[in-house]
Peer 1: 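The structure under discussion is supplied below as C-alpha cells; questions concerning it will follow.
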Amino acid sequence: MASVFGHALVGATLSKVLDKNQVKLLLILAMISAIFPDIDVLAFKFGFAYEHWLGHRGFTHSIFFAIIWSVVLSLLFGKSHKKIFFIVLFLATISHAILDAMTTGGLGVGFFIPFENTRYFFGCRPIQVSPIGISKFFSEWGVRVIISELLWIGVPCAVILIFKKITQKHSSTKKSYS
Ligand SMILES: [Zn+2]
C-alpha cells in the first residue's frame with residue numbers, strides 16, 4: 001500500500017475535479033473508496049496467504065471489485081447523480097490499485113482477479129511502500145513514506161487542484177463579462 005493519506009488524497013482530488021456539483025457525500029465516499037481495498041489486510045488474520053486471490057492486494061484491489069463496489073455505492077447513495085457517482089467512485093477505487101502497483105515493495109496487484117491471479121507491478125515504481133500497521137508507521141520508514149508520497153502523490157494532486165481553481169476562476173470571470 002501507499003499510506004491511507006496518499007490514497008485518500010487521490011480520492012478527494014478525483015471528486016473535486018470531476019464532480020461539478022461538489023457533492024460532499026461523494027467526496028467522502030471517494031476518500032473511503034480509495035482507502036477501502038486495504039481491508040484485505042484482514043485476510044492475514046484469517047490465514048490467507050498474501051498470494052491467495054483473497055489475500056492482500058488480491059480481490060479488493062481488482063478492476064472487477066472496483067466496478068461492483070462503485071455500482072453498489074452509486075445505486076445506494078447516488079440519487080439523481082448516479083452516473084458521476086459511479087465514475088468518481090470507480091476511479092477512486094482503482095486509483096488505490098494503481099498506486100500500489102507503483103510502490104517499491106510487497107507483491108504486485110491482482111488487477112484481473114477473479115479471472116486471473118497474476119500479480120502486477122508497473123515498470124515505474126517511485127512510491128515508497130507503506131508499512132502495514134500503525135506502530136511501524138511512526139518510524140524512519142514512515143518518514144520515508146511521507147516524503148515519497150508528498151513528492152509523487154501530494155505535488156501532482158496539488159497542481160491539479162490549483163489548475164482547476166485557476167480555470168474555474170477564469171471561466172467565471174469570463175461569464176461575468178458576457
Ligand atoms: Zn492496497
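Start at 1 and go down the list; that is how both ligands and their atoms are numbered. Numbers here simply count residues along the sequence, with the first being 1. What you see is a predicted model; the values in this text were computed from it and never measured. Note: hydrogens, waters and symmetry copies are ignored here, and every other heavy atom, side chains too, is used.
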Peer 1: Which side-chain N or O atoms in residues 67-78 pair as donor and acceptor under 3.5 Å with protein atoms at least two apart or in another chain?
Peer 2:
from : atom 1 : to  : atom 2 : distance (Å)
W69  : NE1    : S33 : OG     : 2.9
S70  : OG     : A66 : O      : 2.3
S70  : OG     : I67 : O      : 3.4
S74  : OG     : S70 : O      : 2.5
S74  : OG     : V71 : O      : 3.1

Peer 1: Side-chain contact, heavy-atom cut-off 4.5 Å: V155 with L150?
Peer 2: no
Peer 1: Rounded to 10 degrees, what angle sits at the Zn ion (ligand 1) between D100 OD2 and H96 NE2?
Peer 2: 100°
Peer 1: With the Zn ion (ligand 1) as the reference point, give the N/O/S atom of H61 that is nearest.
Peer 2: NE2
Peer 1: What N, O or S atom of D38 is found closest to the Zn ion (ligand 1)?
Peer 2: OD1
Peer 1: Which hydrophobic side chains are connected to F163, either touching it within the sub-4.5 Å cutoff or through other members that do?
Peer 2: none
Peer 1: Does any part of the side chain of F46, heavy atoms only, come nearer than 4.5 Å to the side chain of L54, both counted from C-beta?
Peer 2: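 With C-beta onward as the side chain, the pair stays apart.
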